[in-house]
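For reference, the structure is listed below as structure tokens.
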Amino acid sequence: MPIVSLAGVTKSYPAAGRAAEPVTAVEDVTLDIEQGDVFGIIGYSGAGKSTLVRLINALEPASGGSIHVDGTDITALGERELRRVRSGIGMIFQQFNLFSSKTVAANVAYPLKLAGWSRADIAARVAELLAFVGLSERARAYPDQLSGGQKQRVGIARALATRPRILLADEATSALDPQTTHEVLDLLGRVNREQGVTIVIITHEMDVIQTIATKVAVMEKGRVIEQGDVFEVFSRPRHPASQRFVGTVIKGVPSPAEAAALRERHAGRLVTFSFRDGDSSQSQVLLDLAQAGLEFELVYGGINDIRGRAFGHLTLAIRGADAAIDAALASIGRHATATEIEGAR
Ligand code: ADP
């Protein structure tokens with residue numbers, strides 16, 4: 001049974017001003033998050049990611065559809081039962097949301113106090129959590145005395161204090177530099193592997209998904225337009241909108257501006273070929289072009305690595321008779337993905 005299951009979930013906000021339209025922030029979203037997943041939710045700003053997380057966290061009611069957390073339909077619960085559901089879900093934030101007037105230890109202790117733990121149990125649990133996140137030495141420090149990465153590690157310790165089974169991370173590394181991002185992602189990976197916590201991670205950063213996620217859902221305009229295994233979705237996005245999104249975050253696909261610059265510099269037709277680990281088609285593509293008597297030049301490319309599996313894109317400027325190029329592309333299309341960059345030749 002999935003640990004989080006959404007079926008036909010919609011969330012609308014009423015019109016704010018007289019001229020304003022109601023906003024549908026989440027529309028007809030259906031997805032399952034399995035126990036133990038690191039589930040990434042990606043998409044541009046305004047796509048509905050944060051709203052989706054607030055629905056899972058029961059911080060806001062859905063306008064339609066059903067949301068099951070740990071087997072319970074939370075759309076049917078009253079406030080008291082919702083508090084119990086929320087206590088099984090930890091949350092970390094972009095701006096850390098620590099109490100600046102409390103020490104590191106007091107920040108981590110806070111949810112345990114709320115939950116009515118004894119002083120001795122709180123002290124033992126806080127020590128254990130600070131050791132886990134590598135901050136035992138900073139227990140008496142205040143948030144202002146910590147680096148961004150340390151603050152987020154306190155946030156993680158606090159979120160895990162009451163042993164939730166789910167951790168929601170909303171742009172949790174977006175305020176951090178790349179090095180610190182990797183340290184925090186390593187820690188989240190340990191939370192997932194060593195403590196069996198299911199992680200739902202919202203981000204607009206490809207790096208985050210690439211490093212840690214096992215599954216991913218791509219959102220646009222409130223809808224989940226594509227979801228599945230991270231390698232599948234990123235190496236072969238099916239929906240045009242996810243192709244656009246993925247194209248902007250992975251290496252090797254020229255942006256429209258780069259494509260225009262390539263066209264200025266190179267004669268011929270520009271075609272981007274996509275390859276994946278284990279494909280035998282890379283050399284075959286080049287062989288097919290050579291055997292068709294076509295001239296070509298490598299003009300753009302890049303390789304991406306998703307947890308040890310590679311995929312890449314290679315753009316060639318191909319010169320020759322149009323009919324010969326069309327025939328070669330048709331034949332190559334049987335074993336590799338080829339996308340021609342449109343535009344004046
Ligand atoms: P993301 O997290 O992907 O940036 P959000 O979930 O924050 O997207 O927002 C999705 C859409 O819903 C946006 O158009 C946003 O303006 C709107 N929205 C979010 N929260 C509210 C709210 N409380 N009231 C009205 N509109 C909202």
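Whatever order the structure lists ligands and atoms in, that order sets their numbers, starting from 1.
- Salt-bridge formation is not detected for the pair Arg309/Glu232: no Lys NZ or Arg NE/NH1/NH2 atom is positioned less than 4.0 Å from an Asp or Glu carboxylate oxygen.
- Atom NZ of Lys102 is surrounded by more than 12 heavy atoms from other residues, nucleotides or ligands within 6.0 Å.
- Within a 6.0 Å sphere centred on CD of Glu194, other residues, nucleotides and ligands contribute more than 12 heavy atoms.
- Residue-level contacts of ligand 1 at the 4.0 Å heavy-atom threshold are Tyr13, Val23, Ala25, Tyr44, Ser45, Gly46, Ala47, Gly48, Lys49, Ser50, Thr51, Arg54.
- Of the charged side-chain nitrogens involved, none lies within less than 4.0 Å of a carboxylate oxygen, so that Asp70 and Arg84 do not count as a salt-bridged pair.
- Connection of Phe231 to Met206 is established within a shared hydrophobic cluster, with ILVMFWY side chains joined at heavy-atom distances below 4.5 Å, either directly or through further cluster members.
- Here ring-ring contact (aromatic ring centres under 6.0 Å, His included) pairs that include residues 233-259, with residues two or more places apart or in two chains, are Tyr44-Phe245.
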